[in-house]
Amino acid sequence: MNDYHALRDYLMRQKQEEFVLSFEQIEEIIGAALPRAAHRASWWDSLRSPDIQMPQREACLAAGFVATRMPDGASVRFRKQKAERRR
């Protein structure tokens with residue numbers, strides 16, 4: 001299993017409200033290849049099935065970001081959540 005703590009830490013250092021990272025950039029951050037499932041938009045959906053633990057989602061939410069796979073299928077948009085919506 002990949003270590004998404006590195007992604008969380010990276011996101012926590014970001015000052016931008018919104019930005020896009022390619023899958024390759026994310027793999028560099030986590031130091032491992034993303035699973036095949038990462039190519040599905042639902043894998044990145046931060047608000048889908050909150051009762052199911054998904055480490056990449058937990059890392060994003062812990063850093064205060066919502067992740068959405070981009071239509072190009074090769075990158076992810078990270079958008080900072082409003083403080084009152086954080087979990």
Side-chain angles (χ1 to χ4, degrees):
M1 182 142 107
N2 294 324
D3 180 9
Y4 293 96
H5 295 296
L7 178 59
R8 178 201 61 207
D9 295 346
Y10 175 88
L11 294 173
M12 291 177 86
R13 291 190 303 270
Q14 301 311 302
K15 304 289 188 227
Q16 298 171 314
E17 295 290 316
E18 186 174 317
F19 56 93
V20 174
L21 294 174
S22 69
F23 284 177
E24 291 80 15
Q25 290 171 306
I26 296 168
E27 290 174 337
E28 275 187 39
I29 292 165
I30 65 173
L34 288 166
R36 291 171 88 165
H39 292 275
R40 294 193 310 256
S42 62
W43 196 80
W44 291 102
D45 187 353
S46 298
L47 304 176
R48 181 177 174 257
S49 303
D51 54 320
I52 299 172
Q53 295 223 329
M54 298 180 76
Q56 76 285 0
R57 174 176 55 204
E58 300 306 318
C60 294
L61 293 174
F65 282 84
V66 172
T68 308
R69 194 203 66 184
M70 298 295 291
D72 66 7
S75 59
V76 179
R77 173 182 286 132
F78 295 90
R79 187 176 316 125
K80 197 169 276 194
Q81 291 182 304
K82 304 268 188 265
E84 65 273 3
R85 293 188 61 183
R86 287 189 190 165
R87 294 176 193 200

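Nothing fancy with the numbering, it's 1 onward along the sequence. The basis for the numbers below is simple: all heavy atoms, side chains too, and nothing from hydrogens, waters or symmetry mates.
Once rounded to the nearest 0.5 Å, the distance linking CD of Q81 with CD of E17 reads 11.5 Å. Note that CE of M54 and SG of C60 are 10.5 Å apart. Values are rounded to the nearest 0.5 Å.
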Just do the side-chain contact (heavy atoms from CB on, under 4.5 Å) check on M70 and V20 with the steps written out, would you? CA-CA 8 Å; M70 298 295 291; V20 174; 4.1 Å; yes
Tell me, with the steps shown, if H39 and F23 meet side-chain contact (heavy atoms from CB on, under 4.5 Å). CA-CA 9 Å; H39 292 275; F23 284 177; 3.2 Å; yes
Could you walk me through whether F78 and L11 satisfy the side-chain contact (heavy atoms from CB on, under 4.5 Å) test, starting with their C-alpha distance in whole Å, then the side-chain angles of each, then the deciding distance to 0.1 Å, before giving a yes or no? CA-CA 8 Å; F78 295 90; L11 294 173; 3.8 Å; yes
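For F65 and F19, the ring centers are positioned less than 6.0 Å apart.
R77 has a carboxylate O that lies under 4.0 Å from a charged side-chain N of E18, or vice versa, which qualifies the two as a salt bridge.
A pairwise comparison of heavy atoms in R8 and A63 identifies O-CB, 3.6 Å as the closest pair.
When atom types are taken as modelled, the side chain of Q56 and the backbone of W43 share a donor-acceptor pair closer than 3.5 angstrom.
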Listing, residues 25-38 side-chain donor-acceptor contacts under 3.5 Å, not counting sequence neighbours, or none:
from : atom 1 : to  : atom 2 : distance (Å)
Q25  : OE1    : S22 : N      : 2.7
Q25  : OE1    : S22 : OG     : 3.4
E27  : OE2    : L34 : N      : 2.9

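A side-chain donor-acceptor contact under 3.5 Å links S75 and D72.
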